[in-house]
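This report concerns only the one structure given below.
Numbers here are sequence positions counted from 1.
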Amino acid sequence: MTFSPSALDLARFQFAFTVSFHIIFPAISIGLASFLMVLEGAWLKTRREVYREMYFFWSKVFALSFGLGVVSGVVMSYQFGTNWAGFADYAGAVTGPLLTYEVLTAFFLEAGFLGIMLFGWRKVSPKAHFGATIMVAVGTLISMFWILSSNSWMQTPQGVRVEDGRIVPEDWWQIVFNPSFPYRLAHMALAAFLVAALLVCAGSAWHLLRKGARDSVRRAFSLSLWLILVLAPLQIVVGDAHGLNTLKYQPAKIAAIEGLWETHENGTPLNLFGIPDMAREKTHYALEVPRLGSLILTHSWDGKIAGLKSFAPEDRPNSTIVFWSFRIMVGLGMLMLMLGVLGVVLRRGRRVYESRWFLRFAVAMGPSGLIALLAGWVTTEVGRQPWVVYGLMRTAQGIGPVSVQQLGTSLLLFVIVYFVVFGGGIYYMLRLLGKGPQALAPDVARPPSSTPFTPPALEHDVLVAALGNPAAR
């Protein structure tokens, strides 16, 4: 049996491939930007050099992820006009302005203050520099706001009418603040903060395992564990609310996530394990817990949830994929919660920095935030199928006039270039994490003056402290 992908298959896979690479870096940037804001605020309040040492180190990781995120994001915007020209023509009156607002309000804000944040440490006053860090952090959050608004509108479209085969906006308030937007925005924000917290936690644990770790490493490890302890339960609560919203507006997605084929009138079971079979309309080897599905999804013992057989076959998402992507996300979320709770337990015995099995667990959990993030986006996007604008436009209608040969060639080039460019970027990021925080040079450690002039020799020391010594690479 041979696999002969259609132009639609290749276009979907190409976008999924590029967006999967892209989402990694903005998630790191969003979380680290807010973390850097907290670190610099703590330094301004206490003047303890440990916070500034942490700031210099994690700003290098932030700068690298920010640059990679910008480069990888450009590719996707071009795909809207080539691979997905049909979608751009149909829904461009909504998605075009929303993405433009993101550039005008967020990207320009980030770009305007990023240089001051990274290179202006001794060129502006401490408060002005802190203001630049705040602006960059706020810019990342505004960017997330507009991107999630656009994507959420595609999930739960509101405030428009269809005229002459195109979407016409009627109420921008309903478009921006569509029914799923608040839940998805909160879910993504917490996910980005968890990505950064787990990255900081794993990097710090790695150095604690090697002995002789600096005080800044211990402080970063402690802060990240507290963040995970707070963020993981919040994410569970937000995820539950998001699930209720999805059940209301996208019931087929929920049925696919649960591998649920039949509609149970007196309480729906929860499938802990199973292998959904789209062809046979059955979930093989299902391990069911009676009524638990109703309790979780409707908060009622007898809640009714429509099974996949309630929807036409052509309107069903691929349950085989989303069933497991969802469980990967939830399973990793439980492990994150366990990491935070274990951190509290070990603090009581003052063993949180010395327990090697716990430190190894923290290192292993480093990529879990990114894996859970990708699994969540797979659940969201595959679960929306076969719609590109839910209930209004099918994905097959959104593809542009491109051939299988064109898509296959461009996809191959993307795979090669992405693995070289972004693989190199990820490798360098791991090198940075492996190097760890360094002691600040004496001139850098002195509190910044309020004068705008910096002697050339001192400027070199500051850049070396912020970016690392090129000769040592």
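- Every residue meeting the ring pair (Phe, Tyr, Trp, His ring centres under 6.0 Å) condition with Phe62, not counting sequence neighbours, appears here in chain and number order: Phe66.
- Residue pairs meeting the side-chain hydrogen bond (donor to acceptor under 3.5 Å, both in side chains) criterion with at least one member in residues 103-115, sequence neighbours excluded: Thr105-Trp146.
- By the side chain to side chain donor-acceptor pair (under 3.5 Å) test, Ser204 pairs with no residue at all, sequence neighbours left out.
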Derivation and outcome, side chain to side chain donor-acceptor pair (under 3.5 Å), residues Gln385 and Thr395:
CA-CA 7 Å; Gln385 299 304 315; Thr395 306; 2.6 Å; yes
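- The aromatic rings of Phe35 and Trp58 stand perpendicular to each other, their planes meeting at an angle above 60°, with 30° marking the opposite boundary.
- Applying the ring pair (Phe, Tyr, Trp, His ring centres under 6.0 Å) test to Phe113 and every residue at least two apart in sequence or in another chain returns nothing.
- Checked against side chain to side chain donor-acceptor pair (under 3.5 Å), Gln14 has the following partners two or more places apart in sequence or in another chain: Asn83, Ser410.
- One finds the NZ atom of Lys248 at 11.0 Å from the OG1 atom of Thr156 (value rounded to the nearest 0.5 Å).
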Test log, rule side chain to side chain donor-acceptor pair (under 3.5 Å), inputs Ser65 and Ser29:
CA-CA 6 Å; Ser65 64; Ser29 299; 3.1 Å; yes
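- Using cut-offs of 30° and 60° for the angle between ring planes, the Phe422 and Phe21 rings count as tilted.
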What verdict does the ring pair (Phe, Tyr, Trp, His ring centres under 6.0 Å) test give for Phe56 and Trp121, after you've listed the backbone C-alpha separation in whole Å, the side-chain angles of each residue and the deciding distance to 0.1 Å?
CA-CA 10 Å; Phe56 272 113; Trp121 190 262; 5.3 Å; yes
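- Shown here are the side chain to side chain donor-acceptor pair (under 3.5 Å) partners of Thr283, two or more places apart in sequence or in another chain: Trp261.
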Using the rule given for ring pair (Phe, Tyr, Trp, His ring centres under 6.0 Å), can you reason through Tyr353 versus Phe358, listing the C-alpha separation, both sets of side-chain angles and the distance that settles it, and then say yes or no?
CA-CA 9 Å; Tyr353 303 113; Phe358 178 68; 9.7 Å; no
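- When atom types are taken as modelled, the side chain of Glu288 and the backbone of Leu272 share no donor-acceptor pair closer than 3.5 angstrom.
- Under a 4.0 Å N-O distance rule, the pair Glu49/Arg52 qualifies as a salt bridge.
- Legend: side-chain hydrogen bond (donor to acceptor under 3.5 Å, both in side chains) pairs involving residues 330-339, not counting sequence neighbours: none detected.
- Side chain of Ser34 to backbone of Gly31: no donor-acceptor contact under 3.5 angstrom is found.
- Using modelled atom types and a 3.5 Å distance limit, the side chains of Ser180 and Asn245 yield no donor-acceptor pair.
- For Ser319, the side chain to side chain donor-acceptor pair (under 3.5 Å) test picks out no residue, with sequence neighbours left out.
- The local environment of OH in Tyr183 is sparse, with at most 12 non-hydrogen atoms from other residues, nucleotides or ligands closer than 6.0 Å.
- Listed by first and then second residue, the side-chain hydrogen bond (donor to acceptor under 3.5 Å, both in side chains) pairs involving residues 361-379 are Ser325-Thr379 (not counting sequence neighbours).
- The salt bridge (Lys or Arg N to Asp or Glu O under 4.0 Å) search around Glu381 returns Arg384, not counting sequence neighbours.
- Partners of Phe414 according to the ring pair (Phe, Tyr, Trp, His ring centres under 6.0 Å) rule, which considers only residues two or more places apart in sequence or in another chain, are Tyr418.
- A perpendicular orientation is assigned to the rings of Phe273 and Trp324, their planes being inclined by more than 60° (bins at 30° and 60°).
- Counting heavy-atom neighbours within 6.0 Å of Trp206 CH2, excluding the residue itself, gives a total of 12 or less.
- Between the side chain of Thr133 and the main chain of Met37, no donor-acceptor pair closer than 3.5 Å is present.
- With hydrogens and angles ignored, the 3.5 Å screen pairs a side-chain donor or acceptor of Thr46 with a backbone N or O of Ala42.
- Applying the salt bridge (Lys or Arg N to Asp or Glu O under 4.0 Å) rule to Glu258 yields the partners Arg327; only residues at least two apart in sequence or on another chain are considered.
- More than 12 heavy atoms of other residues, nucleotides or ligands lie within 6.0 Å of CZ in Phe17, so this atom counts as buried by the packing criterion.
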